[in-house]
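Report on the structure given below.
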Amino acid sequence: MHKDRDAALVNECLCGDRKAMSQLVSQYQRPVFNAAYRILGNMDDAADATQTVFLKVFEHIADYDQKHKFFSWVYRIAINESLNQVKKRRTQEPLDDSQASPWQGPAEMLDSKRICKRVQAALMLLNDDYRTVVVLKHISGCSYQQIGKILQLPEKTVKSRLYSARQLLKQTLQDEESGK
Amino acid sequence: MNEQNHIVQAPLDERIQQLLNSSIDGEINAADQEELERLLATSQSVRNLNKELRVVTRLLDELPEIDPPQYLQDAIERQVSLPVQSKAAENRLGYFGNWLNANWLRTGFALAAGVVLTIGVYEMGSGPIPAGDTSSMSGTIARSGVTAQQGVLLDRIVLDSELLTGKVELRNHNDLFTLDVQLKSDGPSEVVINFAGRGLEFDGVSSPQGRADAVSMVDGSIHLASNGKQHYKLNLRRAAGAGHVTPLELQFFASSQLIQQNEMSTSQR
């Protein structure tokens with residue numbers, strides 16, 4: 001997330017430099033993929049979304065306003081694309097039961113893999129607005145201000161969504177533990 | 001709860017929640033921190049909530065980073081065309097490029113390509129396409145290996161019957177439409193893809209299992225036959241001059257029964 005270096009690479013892309021494009025992809029494909037994965041809950045869909053994100057980024061690179069941080073712009077496209085895929089998927093197929101519920105029998109969190117699975121499942125139960133802020137905060141490591149810029153929301157709204165999302169996650173995980 | 005999340009517990013004092021969350025996120029100022037410390041010192045319920053929220057936050061922070069698939073970077077780079085570069089490439093073509101761009105010559109090439117394709121398809125007849133022949137047919141059939149996923153996902157069919165399971169995805173990038181067919185059956189199965197009259201031309205088929213011998217073309221339909229697992233990538237290209245590409249028609253057979261029939265959208269929803 002180095003503003004000057006990103007800006008230089010973007011300018012090189014605008015001059016048709018594929019090496020610069022390759023560097024930007026290399027730098028951002030991992031965080032974009034991870035954010036998409038946590039929103040979509042599926043590796044294949046996350047890979048599809050990541051590809052589409054970068055195609056859109058470079059298709060519109062000439063429109064990128066260098067007053068803003070490049071990563072904010074990329075993340076905004078990534079979040080929108082991931083949410084588009086969520087919507088598409090909802091119209092295409094019913095939610096898989098294994099994805100819909102984190103409860104898989106007597107709840108004892110035995111190992112970290114299982115915990116991660118349950119946290120991801122609980123994340124998938126949040127609505128899109130809540131899930132997005134949680135992903136940007138905890139997966140992408142953005143500050144309230146950065147999340148506000150990416151989602152074009154006031155910081156106050158970001159905070160309130162984040163608090164509510166955490167409260168819901170806490171409730172879901174606690175319910176699960178108590179076997180509800 | 002999936003769509004509309006509601007907090008069912010009694011609403012917590014908004015101020016306490018704000019202080020706790022700001023503190024957890026390290027975005028609290030000194031005055032608020034003092035206020036929170038006072039509350040923590042005097043209230044067991046605030047202490048409990050603080051502990052619980054910190055556990056949730058830790059769980060989220062500890063979600064592992066996932067490695068993107070190895071093909072991803074390469075697949076993205078292959079698909080990206082930088083707007084300026086295409087202009088630069090045009091300029092580099094210079095005199096020869098302009099000459100190639102002449103309409104009459106392009107028409108000539110299109111006609112020649114049409115003749116080659118017609119002969120190719122005629123030679124293929126209506127029987128199976130022999131594996132040995134496929135690589136020599138002007139590059140139109142059986143390219144080696146299945147490449148990484150390319151293009152925007154347009155449509156997906158999921159099969160979940162007793163006789164046949166799997167999925168088919170249709171992707172598009174520029175004029176190329178790629179069908180990714182991944183199916184599994186206990187007995188013989190066949191997929192028939194009808195693309196005749198839809199503004200598309202056959203552009204190649206590949207299979208990681210090297211099963212190009214199970215591919216045949218009958219009356220404008222591609223037939224992909226298999227027994228067990230099958231994975232094919234079928235490329236169709238927008239025909240020259242074809243504006244709109246209409247949906248593809250697919251039929252799935254297993255043990256000589258029609259299992260499912262679908263249309264696949266050729267435009268983005």
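Letters A, B, ... mirror the listed sequences (proteins, then strands); counts begin at 1.
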*Can we say Lys88(A) and Asp155(B) salt-bridge, meaning some charged N sits less than 4.0 Å from an Asp/Glu carboxylate O?*
no

*Heavy-atom distance under 4.5 Å to chain B: side chain of Phe54(A), backbone, both or neither?*
both

_Pairwise side-chain contact, Lys167(B) with Asp44(A), heavy-atom cut-off 4.5 Å (strictly under)_ = yes

*Do Glu52(B) and Gln174(A) have side chains that get closer than 4.5 Å, going by heavy atoms?*
yes

*Do Leu59(B) and Lys170(A) touch side chain to side chain, with heavy atoms closer than 4.5 Å?*
no

*Side chain, backbone, both or neither: which part of Ser143(A) has a heavy atom under 4.5 Å from chain B?*
both

*Got a sec: does the NZ of Lys149(A) have more than 12 other heavy atoms crowding it under 6.0 Å?*
no

_Donor-acceptor check, side chain of Glu27(B) to backbone of Tyr144(A), threshold 3.5 angstrom: yes or no?_
yes

*Does any heavy atom of chain B fall under 4.5 Å from the side chain of Val134(A), the backbone, both, or neither of them?*
side chain

*Looking at Leu53(B), Asp61(B), Asp25(B), which one has more heavy-atom pairs under 4.5 Å with chain A than the rest?*
Asp25(B)

*Step by step, work out the side-chain contact (heavy atoms from CB on, under 4.5 Å) result for Ile66(B) and Arg38(A).*
CA-CA 10 Å; Ile66(B) 310 288; Arg38(A) 295 298 172 193; 3.8 Å; yes

*Between atom CG of Leu123(A) and atom CG of Leu63(B), what is the distance when rounded to the nearest 0.5 Å?*
7.0 Å

_Backbone N/O of Glu65(B) and side chain of Asn34(A): donor-acceptor pair under 3.5 Å_ = no

*Hey, could you give me the CG/CD1 distance between Leu60(B) and Ile139(A), rounded to the nearest 0.5 Å?*
7.0 Å

_On a heavy-atom basis, which atom in Tyr163(A) and which in Gln17(B) lie closest, and how many Å separate them?_
CB-OE1, 3.4 Å

*Looking at side-chain heavy atoms only, is the closest gap between Ser81(B) and Phe58(A) below 4.5 Å?*
no

*CG of Leu55(A) to NE2 of His173(B): how many Å apart, nearest 0.5 Å?*
6.5 Å

*Considering residues, nucleotides and ligands other than Gln70(B), do more than 12 of their heavy atoms fall under 6.0 Å from its CD?*
no

*asked:* Nearest 0.5 angstrom please: Glu77(B) CD to Gln29(A) CD, how far?
replied: 8.5 Å

*Verdict with supporting geometry, Gln73(B) and Ser22(A), side-chain contact (heavy atoms from CB on, under 4.5 Å)*: CA-CA 8 Å; Gln73(B) 168 109 15; Ser22(A) 174; 3.6 Å; yes

_Heavy-atom closest pair, residues Pro68(B) and Arg30(A)_ = CD-NH1, 3.6 Å

*Apply salt bridge (Lys or Arg N to Asp or Glu O under 4.0 Å) to the pair Asp45(A) and Arg156(B), showing each step before the final yes or no.*
CA-CA 12 Å; Asp45(A) 290 348; Arg156(B) 176 188 283 152; 3.4 Å; yes

_Distance in Å, Gln79(B) CD paired with Gln51(A) CD, rounded so as to fall on 0.5 Å steps_ = 5.0 Å

*Find the one option among Thr50(A), Val53(A), Thr52(A) whose heavy-atom pairs under 4.5 Å with chain B are most numerous.*
Thr50(A)

_Closer than 3.5 angstrom, by distance alone: can the side chain of Arg18(A) be matched with the main-chain N or O of Val80(B) as a donor-acceptor pair?_
yes

*asked:* Does Asp186(B), at its CG atom, have more than 12 non-hydrogen atoms belonging to other residues, nucleotides or ligands within less than 6.0 Å?
replied: no

*For the residue pair Gln85(A) and Leu153(B), establish whether any side-chain heavy-atom pair is separated by less than 4.5 Å.*
no

*asked:* So, taking the atom named CZ in Arg166(A) and the one named OG1 in Thr57(B), what distance separates them when rounded to the nearest 0.5 Å?
replied: 4.0 Å

